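Reviewing the structure listed below.
Note that the coordinates shown come from a computational prediction; the quantities given were computed from them, not determined experimentally. A note on names: the letters A, B, ... follow the listed sequences, proteins ahead of strands, and every chain is numbered from 1.
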2 protein chains.
Amino acid sequence: MTVSINDVARAAGVSASTVSRALRGRPGVSDEVRAQITAVAARLGYTASRSASSLASGRTYTIGVVAPYIGRWFFGTVLDAAEQVFSAAGYDVLLYNLGSPETRKRFFTKLPVRKRVDAVLSLLIPDEDESAALRSLGVPLAAAVGGPRPGFTVVGIDDRAGAESAVRHLVNLGHRRIGMISGTSGPLHWTTPVARRQAYLDVLADAGIEPDPALEADGEYTVEGGERAMTELLAASRPPTAVFAQSDEMAMGALRALRRHRLRVPDDVSVVGFDDHELSDVVGLTTVAQPVAGQGTEAARLLLRQLDEPGTEPPGHVEMPIRLVLRETTAPPRPRGVQ
Amino acid sequence: MTVSINDVARAAGVSASTVSRALRGRPGVSDEVRAQITAVAARLGYTASRSASSLASGRTYTIGVVAPYIGRWFFGTVLDAAEQVFSAAGYDVLLYNLGSPETRKRFFTKLPVRKRVDAVLSLLIPDEDESAALRSLGVPLAAAVGGPRPGFTVVGIDDRAGAESAVRHLVNLGHRRIGMISGTSGPLHWTTPVARRQAYLDVLADAGIEPDPALEADGEYTVEGGERAMTELLAASRPPTAVFAQSDEMAMGALRALRRHRLRVPDDVSVVGFDDHELSDVVGLTTVAQPVAGQGTEAARLLLRQLDEPGTEPPGHVEMPIRLVLRETTAPPRPRGVQ
DNA sequence: AATCTGAACGCAAACGCTTGCGCAACCAAG
DNA sequence: CTTGGTTGCGCAAGCGTTTGCGTTCAGATT
């Protein structure tokens with residue numbers, strides 16, 4: 001039925017071990033024999049069984065990638081980039097889509113990647129328990145997006161600096177009532193929303209602005225959530241003249257809410273996002289750009305390096321550059337009294 | 001180092017075969033023994049080696065998913081949905097991201113999924129050669145998105161009907177100069193752009209409108225491409241008063257181009273897209289909605305069914321519903337002479 | 001009481017590779 | 001012509017499961 005290494009060996013008149021060595025470029029095979037075996041293997045359409053070879057060798061040539069919400073632009077883009085690096089290096093990727101709390105829990109208790117992968121890349125930093133579970137796998141670990149974590153090589157950005165630049169931009173334009181749409185909920189215990197919020201508060205304090213709890217709302221990192229959050233903020237007794245959304249998707253939701261309320265952007269309300277989503281340019285959204293695909297690529301590369309050079313100590317954390325991109329959703333507030 | 005089935009067997013005082021049967025719910029094990037084995041296995045943190053078990057059984061409990069451009073909303077969403085179905089059924093997914101022609105070619109010649117997967121789901125229909133390669137794997141095959149193809153269970157939509165409804169909508173509004181931004185280029189040989197174009201031409205013919213080659217441009221299915229294409233169309237001696245873009249992303253690119261040219265939508269130019277992208281609502285884009293996640297879910301389900309009931313003949317093609325969603329980017333053309 | 005029947009379990013042979021080791025055959029050096 | 005060292009290859013023992021078959025033993029049947 002399916003052609004095995006023995007079929008190739010027989011057809012080439014050599015032993016199975018020689019076939020194995022020849023096809024994998026191992027020494028101990030003369031050039032002529034190797035060429036002949038390669039030809040025979042090609043003719044027979046032979047592919048080594050991954051199960052058998054990884055059972056025998058202990059290496060799987062497979063990388064486990066755990067990611068939440070693959071459908072979202074951010075994670076999809078990171079995944080896309082990381083996959084390209086892995087497959088170019090000859091690794092397959094096993095994908096685990098951990099959106100809901102249940103699937104997430106099930107994954108970390110059952111750990112289906114055990115004995116199946118040579119390394120794990122986590123998009124989004126796992127919490128302490130989850131990290132411990134992953135460490136128990138005994139394979140190199142990396143994470144794209146997030147802060148440092150023991151046992152992991154993580155690539156991320158300076159969330160504080162990014163959020164600061166966004167909020168400071170609004171302050172510099174003259175805004176005093178600055179709202180924030182955060183993204184704290186969900187099953188993901190990460191530092192990003194916390195860091196961005198702290199930056200927001202810090203900049204306000206720095207500018208001598210008293211923070212108003214009524215100007216904070218949760219947008220759940222989705223467009224719909226952003227729309228709801230913006231609607232909430234507009235319902236405040238004194239609505240904001242500017243809003244910092246912790247992600248572009250939420251910012252776009254906010255834009256929709258503003259349009260529904262017949263408010264003009266940036267004339268009535270300024271909006272700044274975070275991520276530089278591929279469509280942010282389309283809607284003219286001012287935002288904090290971060291290298292999204294770049295983080296996936298970098299994390300994948302670092303992981304492969306650990307696989308290639310097992311001895312060396314991997315970097316604990318690498319930080320990618322960010323920059324504020326000014327577009328058309330931010331402007332000075334309207335003069336007081338003009339309504 | 002790592003705990004094997006023999007460790008469990010020894011600790012439970014039974015043979016390895018009994019452990020195997022017990023843990024997989026096979027008959028031939030008393031309830032007490034099974035319970036005891038389960039407890040011991042849990043205590044030891046035992047997980048069966050997938051390599052070993054698939055080598056012995058021939059089943060991998062893994063599904064290969066090949067997809068182009070995971071980072072794009074459409075494919076990311078389909079993949080997300082399909083993955084959820086697979087993982088809920090206990091299958092792992094092996095992801096192959098086939099964006100560039102090179103990776104695509106390499107995949108189909110080397111077929112790294114051989115002996116590695118129980119079934120293959122292809123997002124985007126493969127061409128004839130590629131289909132033949134996949135069929136040679138001897139496993140169930142499905143595709144999400146596209147028309148019927150021998151050996152495959154494919155779920156898709158009626159592209160012609162969808163495109164017809166979009167273009168007819170423009171015609172009904174009174175437009176006569178209707179442009180199209182198509183998405184034909186790239187390494188993907190699929191029927192979608194062809195079908196949608198044909199529908200466009202048919203509707204025009206039906207309305208007695210002479211098609212103008214200068215009103216067709218390729219947008220490569222990307223935002224940037226759509227922008228370029230729109231710019232091209234605007235450069236025509238007699239620019240269109242309405243544009244049908246074969247995808248929402250291209251439509252958004254078109255919107256951007258129009259804004260750059262200081263043209264108002266829909267006053268100066270109407271735009272209709274295709275897909276109902278999650279952000280289409282934000283920008284108010286009129287579009288043809290299709291169940292994107294739904295197609296992924298459905299294709300995955302049908303594939304699993306084939307795995308569960310090997311005998312039954314799977315459906316060759318299932319068609320999902322579409323509908324035109326009217327928003328704010330389409331309106332009647334301005335009266336003649338008014339510029 | 002002898003026989004038959006299942007149920008419950010163990011034995012051992014695969015599954016298809018990898019790899020340490022052994023063994024020729026060859027070459028160059030003494 | 002003997003040594004010692006390479007080089008090229010085969011042997012066989014795993015790797016950790018699954019599974020067909022054989023065995024044991026308790027309980028039911030004559």
Is [X] close enough to [N] that one of its side-chain N or O atoms is under 4.0 Å from OP1 or OP2 there?
| X | N | result |
| --- | --- | --- |
| A:K115 | D:dT17 | yes |
| B:Y61 | D:dT17 | no |
| A:T18 | D:dG10 | yes |
| B:S20 | D:dT18 | yes |

Q: Residues of residues 23-30 of chain B with any non-hydrogen atom less than 4.0 angstrom from an atom of DNA chain C: list those, numerically ordered, please.
A: B:G28, B:V29, B:S30
How close or far is atom [atom2] of [N] from atom [atom1] of [X], stated in whole angstroms?
| X | N | atom1 | atom2 | result |
| --- | --- | --- | --- | --- |
| A:R59 | D:dG14 | CZ | P | 23 Å |
| B:R10 | D:dT17 | CZ | C1' | 15 Å |
| A:L55 | C:dT18 | CG | P | 11 Å |
| A:I5 | D:dC9 | CD1 | P | 15 Å |
| B:Q36 | C:dA8 | CD | P | 16 Å |
| A:N6 | D:dA12 | CG | P | 14 Å |
| A:D31 | D:dC9 | CG | P | 10 Å |
| A:I37 | C:dC17 | CD1 | C1' | 15 Å |

Q: Measure from the side-chain N and O atoms of A:D118 to the backbone N and O of A:Y61, and report whether any donor-acceptor pair falls under 3.5 Å.
A: yes
Q: Side chain of B:A56 only, please: which of D:dT17, D:dG14, D:dG10 is the nearest?
A: D:dT17
**Q.** Closest listed nucleotide, where the reference is the side chain of A:S4 and the choices are C:dC17, D:dT17, C:dG10
**A.** C:dC17
**Q.** Comparing A:G13 and B:S53 on DNA chain D - which has the more 5′ nearest nucleotide
**A.** A:G13
Q | A:A16 or B:A52, whichever maps to the more 5' nucleotide of DNA chain D | A | A:A16
Q. Is atom CZ of B:R305 surrounded by more than 12 heavy atoms (other residues, nucleotides or ligands) closer than 6.0 Å?
A. no
**Q.** Closest approach of B:L303 to B:A119 (non-hydrogen atoms, all atoms of both residues)
**A.** CG-CB, 3.9 Å
(Q) Tell me the closest heavy-atom pair linking A:A11 and A:V40, and the distance in Å. (A) CB-CG1, 3.7 Å
Q | Base D:dG10 paired with A:R21 side chain (donor-acceptor, <3.5 Å) | A | yes
Q: Using heavy atoms to find the nearest nucleotide of DNA chain C for B:S17 and B:S57 separately, return the residue whose nucleotide is more 5′.
A: B:S17
Q.
Going by salt bridge (charged side-chain N to carboxylate O under 4.0 Å, His left out), A:D92 matches just one of B:R116, B:K110, B:R114. Which one?
A. B:R116
Q. Could you walk me through whether A:S51 and B:S54 pass the side-chain hydrogen bond (donor to acceptor under 3.5 Å, both in side chains) check?
A. CA-CA 6 Å; A:S51 313; B:S54 65; 2.9 Å; yes
Q.
Is there a side-chain hydrogen bond (donor to acceptor under 3.5 Å, both in side chains) between B:T153 and B:Q306? Walk through the geometry before answering.
A. CA-CA 10 Å; B:T153 295; B:Q306 287 182 66; 3.0 Å; yes
